[in-house]
Enquirer: 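Structure below; questions to follow.
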Amino acid sequence: CRRAAYCGPEHQALDWRRGHRRSCGQHAAGDDSADAIPEHNEFLFPEYEILIEPEEPEFPADSIDDEQGAEDKSKDAKEQELGAPDEAFQSLDEETLEAMAKHETEEEKIFQMFKKQIAVEPEQIIRYCRGGESPLWVSGENRPEEKDIPNCVCGAKRIFEFQIMPQLLNHLEVDSLGESIDWGTLVVYTCADSCGAGKEYLEEFIWKQDYSMGCT
């Protein structure tokens, strides 16, 4: 019918299986009636405008100094009230100390750090930082090593450029697809030499990291 547009053959095949085969060819290509346009409400993702803004630090530098000073004063006051740290912990038995040490695992710390960072901009769907900071991981598991990231077709290494955040899933309304998709973060690595920039589309590398089983 040539009335539907797709971003690739995979999506065209999926739409065909989801019912387009029944409507395709029923109307002439030149038919402009409303019912000649196939329905894609169950498949096509909604469109949005993406606003690009620099991420502001959670706390300005001067406020961090003030907060640190207040924290130090509070710590000194508490130590004077309870005695030295060593004296306080001497009253705890070994079993209690071990339980406190295991209370927060390394995996939980990483996930809590992730949640704290995205809480600054809860609607953020993309974090861009080419050649700068490392990705914001949701887990200590399933992180790529250098050998896991293949070189570009030109031979140059690929470097981290941007990552897609899980908040995007809320906007895509993926639950309507039946078998929902999910991710913790999608990390995109691109050519360090930017080969072919502006001339053609090039295949890049994406690393999918899921949430750890221990993260809640």
Side-chain angles (χ1 to χ4, degrees), residues 5-14 43-64 105-174 177 179-215:
Y6 305 97
C7 58
E10 294 85 359
H11 288 179
Q12 183 179 9
L14 179 59
F43 174 69
L44 290 183
F45 295 132
E47 295 184 9
Y48 297 94
E49 178 183 7
I50 299 178
L51 301 179
I52 302 175
E53 299 176 343
E55 186 177 63
E56 299 295 335
E58 184 176 2
F59 301 105
D62 53 353
S63 67
I64 293 178
T105 66
E106 186 63 28
E107 190 66 24
E108 289 172 337
K109 290 180 181 179
I110 295 173
F111 186 61
Q112 291 301 324
M113 185 180 301
F114 175 82
K115 292 202 299 183
K116 180 179 179 181
Q117 184 65 44
I118 65 175
V120 180
E121 294 289 345
E123 295 299 316
Q124 185 181 64
I125 60 172
I126 294 177
R127 292 178 62 87
Y128 182 91
C129 190
R130 177 176 169 82
E133 300 177 3
S134 62
L136 183 61
W137 299 107
V138 301
S139 169
E141 303 172 357
N142 191 31
R143 293 188 186 185
E145 299 180 4
E146 186 174 352
K147 62 181 178 62
D148 296 323
I149 304 173
N151 290 342
C152 179
V153 291
C154 72
K157 289 186 176 182
R158 287 190 172 103
I159 59 174
F160 167 59
E161 180 162 349
F162 67 93
Q163 67 184 113
I164 302 173
M165 309 300 287
Q167 289 87 327
L168 180 60
L169 293 168
N170 297 328
H171 300 290
L172 294 182
E173 303 173 5
V174 293
L177 290 179
E179 294 185 3
S180 180
I181 58 177
D182 193 18
W183 65 74
T185 187
L186 303 175
V187 184
V188 180
Y189 296 84
T190 61
C191 179
D193 292 343
S194 298
C195 66
K199 297 181 181 179
E200 59 183 358
Y201 288 109
L202 296 176
E203 181 179 292
E204 299 298 0
F205 181 76
I206 187 168
W207 186 273
K208 177 177 179 286
Q209 186 190 47
D210 295 319
Y211 289 102
S212 167
M213 292 299 292
C215 294

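Nothing fancy with the numbering, it's 1 onward along the sequence.
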Enquirer: Has Gln209 got a side-chain atom pairing as donor or acceptor with Val187's backbone, closer than 3.5 angstrom?
Expert: no
Enquirer: Are Ser134 and Phe160 side-chain neighbours, meaning at least one heavy-atom pair lies under 4.5 Å?
Expert: no
Enquirer: Would you check if the side chain of Trp137 reaches a backbone N or O of Thr185 as a donor-acceptor pair within less than 3.5 Å?
Expert: no
Enquirer: Determine, step by step, whether Arg127 and Gln117 satisfy the side-chain contact (heavy atoms from CB on, under 4.5 Å) criterion, reporting the C-alpha distance in whole Å, the side-chain angles of both residues, the deciding distance to 0.1 Å, and the verdict.
Expert: CA-CA 11 Å; Arg127 292 178 62 87; Gln117 184 65 44; 3.9 Å; yes
Enquirer: So how far is it from Cys152 SG to Asp193 CG, rounded to the nearest 0.5 Å?
Expert: 8.0 Å
Enquirer: Determine whether a donor-acceptor pair (N or O, by modelled atom type, separation under 3.5 Å) exists between the side chain of Glu161 and the backbone of Ala192.
Expert: no
Enquirer: Taking the side chain as everything from C-beta on, heavy atoms only, tell me whether Tyr189 gets closer than 4.5 Å to Pro144.
Expert: yes
Enquirer: Look at the rings of Phe114 and Tyr211 and say which category their plane angle falls in: under 30° parallel, 30 to 60° tilted, over 60° perpendicular.
Expert: perpendicular
Enquirer: Please identify each residue that fulfils salt bridge (Lys or Arg N to Asp or Glu O under 4.0 Å) with Glu204, with sequence neighbours left out.
Expert: Arg158
Enquirer: Let me see the working for Asp182 and Leu169 under side-chain contact (heavy atoms from CB on, under 4.5 Å), right down to the final yes or no.
Expert: CA-CA 7 Å; Asp182 193 18; Leu169 293 168; 3.2 Å; yes
Enquirer: Could you check Ser194 against Arg130 for side-chain hydrogen bond (donor to acceptor under 3.5 Å, both in side chains), going step by step and ending with a plain yes or no?
Expert: CA-CA 11 Å; Ser194 298; Arg130 177 176 169 82; 3.1 Å; yes
Enquirer: Would you give the length of the straight line joining atom CG of Leu168 to atom CD1 of Ile126, rounded to the nearest 0.5 angstrom?
Expert: 7.5 Å
Enquirer: Could you check whether atom NZ of Lys208 has more than 12 heavy atoms from other residues, nucleotides or ligands sitting under 6.0 Å from it?
Expert: yes
Enquirer: What heavy-atom pair brings Arg143 and Gly140 nearest, and what distance separates the two atoms?
Expert: NE-CA, 3.8 Å
Enquirer: Let me know which of Val188, Leu186, Leu136 forms a side-chain contact (heavy atoms from CB on, under 4.5 Å) with Gln163.
Expert: Leu136
Enquirer: Can you check whether Glu123's main-chain N or O pairs, donor with acceptor, with Asn170's side chain at less than 3.5 Å?
Expert: no
Enquirer: Side chains of residues 47-54: which donor-acceptor pairs under 3.5 Å do they make with residues two or more places apart or in other chains?
Expert:
from, atom 1, to, atom 2, distance (Å)
Tyr48, OH, His171, O, 3.3

Enquirer: So, taking the atom named NZ in Lys116 and the one named CD1 in Ile118, what distance separates them when rounded to the nearest 0.5 Å?
Expert: 13.5 Å
Enquirer: If you measure from CG on Asp148 to CZ on Phe205, what distance do you get to the nearest 0.5 Å?
Expert: 7.0 Å
